[in-house]
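Bear in mind the structure is a predicted one, so any value in this text is a computation, not a measurement.
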Amino acid sequence: RSLIKLSKELEDKLLVIAISLDDKIDPVKKYADSIENELLIAWDEHKSSLPIFNIIRYPETFLIGPDNKIIKQFSGAINWDKEKILKYLK
């Protein structure tokens, strides 16, 4: 839920897109419903993003700049509403 809070707090500065790698769509829909669709979720049914972004660990987070280049990559779970992270992103 910290990612949802982050997306709301910085909505004028960033767009958060979650990419699900679930094998089936049902868990994705269930999660989207549980968060009342407060986060944009894409389903990568064929996991084609794994080799493209060299993803080796879940979750993987990318900060992408206005020029569409990756600015920063984070591996593993992160508490996105910590003050240190918010300061970094602002």
Side-chain angles (χ1 to χ4, degrees):
R1 303 252 181 215
S2 67
L3 195 55
I4 294 168
K5 185 176 177 183
L6 172 75
S7 69
K8 286 182 176 183
E9 189 164 330
L10 300 176
E11 67 184 339
D12 60 329
K13 295 184 176 153
L14 72 102
L15 171 64
V16 176
I17 303 171
I19 300 174
S20 170
L21 300 170
D22 287 279
D23 294 323
K24 298 184 188 268
I25 190 68
D26 291 338
V28 181
K29 288 180 178 180
K30 185 176 179 180
Y31 178 70
D33 289 344
S34 77
I35 61 168
E36 298 176 351
N37 296 302
E38 292 187 272
L39 191 63
L40 181 60
I41 303 173
W43 179 43
D44 184 1
E45 176 182 10
H46 303 290
K47 297 178 178 45
S48 57
S49 61
L50 293 175
I52 293 169
F53 294 108
N54 195 28
I55 296 172
I56 54 172
R57 185 173 161 200
Y58 304 155
E60 197 77 18
T61 305
F62 299 91
L63 297 181
I64 301 173
D67 59 355
N68 294 324
K69 292 185 181 177
I70 296 173
I71 297 170
K72 181 88 172 140
Q73 182 173 352
F74 300 91
S75 293
I78 294 175
N79 185 352
W80 290 103
D81 56 2
K82 282 192 171 181
E83 192 61 34
K84 184 178 177 181
I85 296 288
L86 291 172
K87 281 183 182 179
Y88 176 81
L89 294 173
K90 288 180 181 178

Visitor: Just wondering, do Ile35 and Arg1 contact through their side chains at under 4.5 Å, heavy atoms?
Guide: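 Yes, side chains in contact.
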
Visitor: Would you say Leu89 ends up clustered with Val16 if hydrophobic residues are merged whenever their side chains have heavy atoms under 4.5 Å apart, either directly or through other cluster members?
Guide: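 Looking at the clustering, Leu89 is in the same group as Val16.
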
Visitor: For residues 49-65, dump all side-chain donor-acceptor pairs below 3.5 Å to protein atoms at least two apart in sequence or in another chain.
Guide:
| unit_1 | atom_1 | unit_2 | atom_2 | d |
| --- | --- | --- | --- | --- |
| Ser49 | OG | Asp44 | OD2 | 2.6 |
| Glu60 | OE1 | Ser75 | OG | 3.2 |
| Glu60 | OE2 | Gln73 | NE2 | 2.4 |
| Glu60 | OE2 | Ser75 | OG | 2.9 |

Visitor: Count I, L, V, M, F, W, Y as connected when their side-chain heavy atoms are under 4.5 Å apart, and connections chain through other members. Are Leu21 and Ile41 then in the same cluster?
Guide: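 No, no single cluster joins them.
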
Visitor: Working to the nearest 0.5 Å, report the span between OG of Ser2 and CD1 of Ile78.
Guide: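 The CD1 atom of Ile78 is 9.0 Å from OG of Ser2, to the nearest 0.5 Å.
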
Visitor: Please collect all side chain to side chain donor-acceptor pair (under 3.5 Å) contacts where either partner lies in residues 76-86, sequence neighbours excluded, each pair once.
Guide: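 The answer is none; no pair qualifies.
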
Visitor: According to a hydrophobic-cluster definition based on side-chain heavy atoms being under 4.5 Å apart (Ile, Leu, Val, Met, Phe, Trp, Tyr only), do Trp43 and Leu40 belong together?
Guide: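 In one cluster with Trp43: Leu40, no.
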
Visitor: With a 4.5 Å cut-off on side-chain heavy-atom distances among I, L, V, M, F, W and Y, is there a chain of contacts connecting Val28 to Leu39?
Guide: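 Yes; tracing contacts between hydrophobic side chains, which count when under 4.5 Å, links both residues.
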
Visitor: Is Leu86 close to Leu6 at the side-chain level, that is, under 4.5 Å between some pair of heavy atoms?
Guide: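 In contact.
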
Visitor: Cluster question for you: counting only ILVMFWY and a side-chain heavy-atom cut-off of under 4.5 Å, with indirect links fine, are Ile19 and Phe74 together?
Guide: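 Shared cluster, no.
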
Visitor: If a pair satisfies salt bridge (charged side-chain N to carboxylate O under 4.0 Å, His left out) and one of its residues is in residues 21-36, list it, with sequence neighbours excluded.
Guide: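 Salt bridge (charged side-chain N to carboxylate O under 4.0 Å, His left out) check on residues 21-36 returns Asp23-Lys47.
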
